[in-house]
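Residue numbering restarts at 1 for every chain, and letters A, B, ... go by the order of the sequence lines. Side chains are part of it too, since the values below use all heavy atoms of this structure and drop only hydrogens, waters and symmetry mates.
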Amino acid sequence: MAEYYPYKEIETKWHKFWEANKTFKSTGVGTKYYVLEMFPYPSGYLHMGHVRVYTIGDVIAHYMRMKGYDVIHPMGYDAFGLPAENAAIKNNVHPAEWTHKNIDHARLQFKKLGMSYDWDREIATCNEDYYKWNQWLFKRLYEKGLAYRKATAVNWCPDCGTVLANEQVHDGKCWRCETIVEQKELTQWFFKTTAYSQELLDGHDKIDWPDRVTLMQKNWIGRSEGIRIFFKEAKSGELLPVFTTRPDTIFGATYVVLAPQHPLVEKIKKEVSPDKVKEIEAFQDKVKKSDITVMTLINMEKEGVDTGAFAINPVNGAKVPVWIGNYVLMDYGTGAIMAVPTHDERDFKFAKKYNLPMIVVIQPKANKLEVSTMTGAYEEEGALVNSANFDGMNNIEAGKKIAVWMEKENFGKIEVNYRLKDWLLSRQRYWGTPIPAIYCDKCGIVMEKDENLPVKLPLDVEFTGKGNPLEKSHSFMQVACPKCNGPAKRETDTMDTFVDSSWYFIRYCDSKNTHLPIDKAIADRELPVDQYVGGPEHACMHLIYARFFTYVLRDLGLISCSEPFKKLLTQGMVVKNGAKMSKSKGNTVSPDDMIEKYGADTARLFMLFASPPPMDLEWSDDGVDGSFRFLNRVWRKISSHIDSVRNMKSKTLDMSDIEMLSPQKKQLFRKTHQTIKKVTNDVGKEQQFNTAVASIMELFNEFNPLEFDMNNELDKILFKFTAESMILLMAPLVPHFSEELWQSLGNKSSIFTCNWPDYDQEMIVEDSVEFVFQVSGKIRDRIQLPLNLSQEDIEKTGFASPKLQEWLQGKTVVKKIFVKNKLLNIVVR
RNA sequence: GCGAGUAUGGUGAAAUUGGCAGACACGCCAGACUUAGGAUCUGGUGCCGAAAGGCGUGGGGGUUCAAGUCCCUCUACUCGCACCA
């Protein structure tokens with residue numbers, strides 16, 4: 001049986017040591033550095049995807065610690081949510097019990113992986129001492145007018161009598177009973193995220209995030225500058241505003257489309273024939289009889305119906321038909337659009353389908369457009385036609401002028417619109433934070449008193465899958481109105497779990513505070529998070545909600561910082577055989593098995609080595625083996641002389657010592673310095689852990705074959721210096737392994753209290769370089785030459801090279817390109 | 001439909017940002033050692049070719065002395081889309 005390094009013993013030993021010594025507790029002294037990974041939803045055991053994020057965060061935390069920062073590195077659990085409730089329905093176990101069992105296992109897994117958390121800060125969002133502050137903050141938002149109620153549609157299963165999450169709708173059917181899902185209007189709570197639309201955009205300049213994430217957010221917030229145009233309903237004269245970003249095409253508007261829920265539709269019904277009303281209602285009904293999930297919206301054919309009413313275009317008095325369409329959204333813009341089929345592809349298709357009129361208003365330079373021959377919309381630039389005084393103008397210029405003119409004539413109002421919606425936070429579920437609102441017949445909406453918080457989740461509930469369990473709890477529902485003390489009813493909606501995760505990173509700073517969510521002095525020292533790590537799937541929702549909450553807490557005077565996450569690292573998924581690991585595909589790998597078979601350090605090393613953080617990571621069992629073998633090789637090499645160097649002082653070599661070394665050992669010393677530089681840059685700056693690992697392997701490949709004579713003082717010094725440097729560089733990656741070797745080498749304190757190694761720029765410089773010679777861009781020779789030769793010297797060498805001469809023979813030199821210490825390109829004809 | 005990515009050997013990937021394509025590793029091949037083992041060590045390994053040499057970074061086109069890297073265009077795949085977290 002092969003001898004492996006004793007990873008099990010080592011890992012257990014250091015877990016105990018770190019825990020007993022609270023090695024990773026932040027000291028509160030010096031410059032703080034807050035590293036945070038997105039906390040897990042404890043739905044069962046941690047999987048490899050988790051191991052990856054947390055390993056990446058842990059490497060950064062260790063590195064900054066060794067760089068001398070007071071590192072804040074907390075962990076907790078995003079513990080409210082739907083899966084716990086599903087488990088309750090399925091297995092008749094209380095969501096709390098299920099959740100706490102999972103949390104306990106996750107905590108154990110974190111410890112086994114050697115994650116360097118400050119466990120004293122731990123939180124779970126389902127605990128009363130956390131969600132109390134959700135309620136407290138909700139009240140503050142309500143007082144500021146940032147929380148309000150309005151009606152909106154939800155997925156509804158009529159059979160279960162319950163609201164369904166998008167996830168619970170499969171092919172338009174309820175996942176449990178397969179009843180066709182409908183839309184239902186409910187009055188629900190919203191947070192006014194749109195109050196901060198502009199700051200959410202402007203804040204991007206203050207943070208160091210991947211461009212693609214800020215770009216996604218920008219698109220999500222969707223700022224568009226346009227104009228609200230005041231169409232009027234022809235019969236009643238009722239105002240029918242539409243929003244458009246294309247005022248240049250206003251003279252080409254040939255019909256108007258309303259969202260099916262648009263309030264004007266109800267008025268129109270009173271004006272048109274009974275047959276029309278039937279038609280309209282049938283259409284409204286059809287739209288309502290579908291769920292509101294994305295896939296449905298995508299697959300939905302664009303459909304509409306003529307209401308029989310007309311609208312007046314303010315700019316020219318044109319009378320255009322009013323339609324309703326399933327693709328016009330009530331909650332964007334004004335819930336109504338003007339259609340210009342000649343210059344918008346979506347409108348074009350719709351107009352063709354229903355045989356609606358078209359007018360060309362933009363003519364390209366090259367050819368002349370005719371409505372009768374058009375096969376698609378013309379969406380490029382051109383000159384305006386059929387546009388009154390604006391004819392002949394370039395459409396882009398004209399757009400601005402038309403908008404100004406319309407505003408002056410009071411035909412419209414220039415405005416900025418955002419695609420960002422207010423945040424619907426009501427959930428008709430049990431396992432979440434109860435919203436602390438009370439409904440009193442006399443007083444209306446009244447908030448629960450601060451001193452009565454938290455409003456606790458009741459225990460006298462049953463999980464049947466039908467209806468909201470909270471509605472059946474009398475002890476919960478029936479309350480006295482905090483204002484008039486009369487009988488009142490408690491809100492049964494709970495909060496979206498995104499509320500929990502929108503400020504948990506703030507609570508970590510002061511997780512035990514019983515009179516405020518956070519103490520301001522502490523917040524001001526510890527916030528913002530300097531480095532946040534998590535999946536890019538949170539680019540839009542979580543990362544916008546968290547920024548919104550930070551703005552709100554700032555405006556409430558609770559904290560001073562505006563942007564919660566200074567730097568963001570988004571890591572890819574862990575895949576196997578090209579597919580995301582999932583139970584249904586049977587391609588999962590259990591972290592527990594990995595730790596058992598190879599130890600946590602090998603699992604960590606493989607994940608860091610296999611792929612740079614932003615890319616997906618292809619799992620490979622053979623690759624894990626390779627990482628394990630590498631650790632074993634290092635272990636053997638360093639162990640070979642560990643007893644001889646244990647009691648000697650660590651020293652480095654000076655120039656005169658180096659001159660006495662063999663060329664290979666001199667090169668090893670240089671390589672060590674080069675590797676320190678490379679790893680420092682890769683880990684500290686680029687966050688490319690794969691290349692950091694590769695360069696440590698390169699160093700080891702030079703170190704491993706060399707023999708060291710333990711009777712020779714220089715050899716001993718070099719051996720110890722190389723070994724220690726390597727271990728220090730490896731410490732953030734493989735903490736147990738490094739701690740063990742470090743202390744075996746005679747060091748008395750934890751490696752994580754040591755300084756990150758420095759390199760000497762002088763020691764790095766190579767004395768020669770392989771110079772490349774090209775003829776007309778093709779490489780024809782490579783010659784090892786001293787550094788920093790002049791172009792003149794290089795040319796001499798080049799023209800003297802027999803290989804080059806062969807290619808230069810009989811040709812005329814046209815040009816010579818010289819790149820110092822790199823190449824000479826001789827261009828010939 | 002809208003939005004964001006990705007594409008380099010048999011595989012995971014690297015390339016100091018326009019300057020030697022394939023570092024490092026996996027796998028494979030050959031060998032050494034050996035009380036056969038999924039251990040360790042040594043050498044080889046992009047493709048074609050006997051060699052000289054040629055070809056090669058998803059396809060096509062362009063800029064340049066020089067392109068994986070810049071520009072245009074096409075294709076394929078992956079992810080997100082507001083009640084999963």
Expected label for G27(B) (glycosidic angle, syn inside 90° of 0, else anti) would be anti
Hits for ring-ring contact (aromatic ring centres under 6.0 Å, His included) against F630(A), two or more places apart or cross-chain, chain-then-number order -> F700(A)
**Message:** Does N701(A) reach a base, just sugar-phosphate, or nothing at all? Heavy atoms under 4.0 Å.
**Reply:** sugar-phosphate
For RNA chain B, consecutive-pair runs of 3 or more (Watson-Crick or G-U wobble, both H-bond-type distances under 3.5 Å) give B:1-7 with B:75-81, B:10-12 with B:24-26, B:27-32 with B:40-45, B:46-48 with B:53-55, B:58-62 with B:70-74
Under 4.0 Å from OP1 or OP2 of C77(B): is there any side-chain N or O of K580(A) that close? no
### Query
Is R212(A) touching bases, backbone alone, or none of the nucleic acid, heavy atoms closer than 4.0 Å?
sugar-phosphate
> Just checking M38(A): base, sugar-phosphate only, or nothing, at a heavy-atom cut-off of under 4.0 Å?
Replying inline: nothing
(request) Decide yes or no on ring pair (Phe, Tyr, Trp, His ring centres under 6.0 Å) for W619(A) and F606(A), but give the supporting numbers first. (result) CA-CA 9 Å; W619(A) 185 268; F606(A) 169 72; 5.0 Å; yes
Heavy-atom nearest nucleotide on RNA chain B taken for T691(A) and for M573(A); more 5' hit belongs to T691(A)
Taken to the nearest whole Å, NZ/K150(A) to P/A82(B) is 16 Å
The residue among Y545(A), F191(A), Y504(A) that forms side-chain contact (heavy atoms from CB on, under 4.5 Å) with V499(A) is F191(A)
Notebook entry, point to check: When we call it a touch if two heavy atoms are under 4.0 Å apart, what does M697(A) touch: a base, just sugar-phosphate, or nothing?
Noted result: sugar-phosphate
Syn within 90° of 0, anti beyond: U11(B) is anti
M541(A) atom CE is separated from A82(B) atom C1', nearest whole Å, by 4 Å
### Message
Under 4.0 Å from OP1 or OP2 of A85(B): is there any side-chain N or O of R427(A) that close?
### Response
no
Side chains of E491(A) and W189(A): any donor to acceptor distance under 3.5 Å? yes
Practice item. Assess the side chains of Q791(A) and E795(A): does a donor N or O sit below 3.5 Å from an acceptor N or O? Key: yes
With sequence neighbours left out, the residues meeting side-chain hydrogen bond (donor to acceptor under 3.5 Å, both in side chains) with D625(A) are Y598(A)
* Asked: So, the side chain of D78(A) versus the backbone of P40(A): is there a donor-acceptor pair under 3.5 Å, distance only?
  -> no
